[in-house]
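The structure under discussion appears below in the form of structure tokens.
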Amino acid sequence: MAEQERARRTRNRLVVAAAEVFDSIGYERATMARISAAAGVTKGALYFHFATKDELARAVQSRACEGSVRVLSGLDRPGVPALQVLMDLTHALARLVRHDRVVRAGVLLSRERESADAALDCYAVWLGCVQALLVRAEAERALRPGVCRDAVTALVVSMICGAEFFALRDLPDVKAPPAGPDAVALEPLGPDRVGPEPLGPEPLGPDPALCADPDRDRADGAFEWLARIWGLVLPALVETGAGRTLDASGRASGPSAG
């Protein structure tokens, strides 16, 4: 039993280390030697668990998709309208990509590597969630007559990809600094990159409080633009006045909502 637990911890350490290396330098530049060094394990231990870099990448992608589904499934609470869940979903995904390096690496690998397995493609997983919620919104008669579900799907996915753009490029989020001589430049809000320090003794992945904390992100202005875009979009999607019961701020998309 102790050996099984030790093997599980080592495998987890390797997946997290691989995600950090992929996130930092990409799949092509990543090497097994660099990943084993980042994990603080020998090459022999690495190859015992993962024979190739492809196997490691697939493990990272699987973990990223599982993490996405786990967070998003917590948003779909009984009695919550599908459109509300959809808005919360965009905020939750924005925070995942911003704070969770495993998910961020999984997204990057979905772009850099071709795979016939949709279960390993973060984009495919997210797209499926969006499509399912819009089908439900139609069934709830929440959408205006004549609204094209495919067009709304494309718009929502574009919003999610926009959040990924800012998170992956270490740019400040879209919140203009004040104009004038007293203006202060915003500090980049992007994630830290891989440093030379080895991983901790038990890298179990990102702190959930960092991955899904709407209060933390609102405090530094992160993804405020998502709420503003939803404020512009909702009147075109729902009947006049119907959107007043919906909250575009993302407040309901954190752990406290569960």
Side-chain angles (χ1 to χ4, degrees), residues 1-73 92-93 95-129 160-161 164 167-170 190-212:
M1 184 66 73
E3 291 184 1
Q4 291 179 349
E5 176 62 17
R6 187 160 50 248
R8 184 197 67 80
R9 290 163 64 93
T10 300
R11 184 180 178 86
N12 184 77
R13 183 191 295 267
L14 288 166
V15 172
V16 174
E20 294 188 347
V21 173
F22 291 145
D23 178 43
S24 179
I25 61 176
Y27 178 76
E28 291 299 328
R29 293 177 58 197
T31 64
M32 297 290 270
R34 179 158 184 164
I35 292 169
S36 66
V41 304
T42 66
K43 289 184 181 178
L46 169 59
Y47 282 105
F48 175 80
H49 290 279
F50 299 99
T52 65
K53 186 169 69 170
D54 174 74
E55 286 186 13
L56 257 176
R58 289 175 63 85
V60 170
Q61 288 180 269
S62 177
R63 179 82 64 89
C65 289
E66 290 171 1
S68 298
V69 171
R70 185 166 57 250
V71 170
L72 298 178
S73 64
L93 288 180
R95 282 193 297 277
L96 274 176
V97 175
R98 185 172 190 240
H99 297 301
D100 188 328
R101 299 193 76 173
V102 174
V103 171
R104 199 160 60 243
V107 173
L108 180 145
L109 292 169
S110 293
R111 291 199 314 272
E112 292 190 348
R113 289 162 39 85
E114 293 185 3
S115 175
D117 190 348
L120 298 178
D121 187 337
C122 285
Y123 292 115
V125 171
W126 298 349
L127 178 61
C129 291
I160 294 170
C161 290
E164 179 204 348
L168 293 179
R169 286 158 181 79
D170 287 342
D192 296 333
R193 314 311 292 174
V194 171
E197 307 86 5
L199 296 177
E202 174 63 358
L204 293 177
D207 183 346
L210 298 180
C211 298

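Numbering starts at 1 and runs along the sequence shown.
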Set of side chain to side chain contact (heavy atoms under 4.5 Å, CB included) partners for [X], sequence neighbours left out:
X: Leu127; result: Gln131, Thr153, Val157
X: Ala124; result: Ala118, Asp121
X: Cys122; result: Ala64, Cys65, Val107, Ser110, Trp126
X: Ala18; result: Phe22, Ile35, Leu56, Val60

Do the non-hydrogen side-chain atoms of Leu72 and Leu93 ever get within less than 4.5 Å of each other?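 Yes, their side chains come closer than 4.5 Å.
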
Spatial distance of atom CZ (Arg101) from atom CZ (Arg104) [nearest 0.5 Å]: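 Going from the CZ atom of Arg101 to the CZ atom of Arg104 covers 5.5 Å.
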
Spatial distance of atom CG (Leu14) from atom CZ (Arg9) [nearest 0.5 Å]: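 Nearest 0.5 Å value for the CG-CZ distance: 13.0 Å.
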
Residue pairs passing the side-chain hydrogen bond (donor to acceptor under 3.5 Å, both in side chains) test where at least one lies in residues 41-62, sequence neighbours excluded: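 Residue pairs with at least one partner in residues 41-62: Asp54-Arg113, Gln61-Arg113, Ser62-Glu66.
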
Shortest non-hydrogen contact from Ala33 to Ser36?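 Answer, listing the atom of Ala33 first, then Ser36: O-OG, 2.9 Å.
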
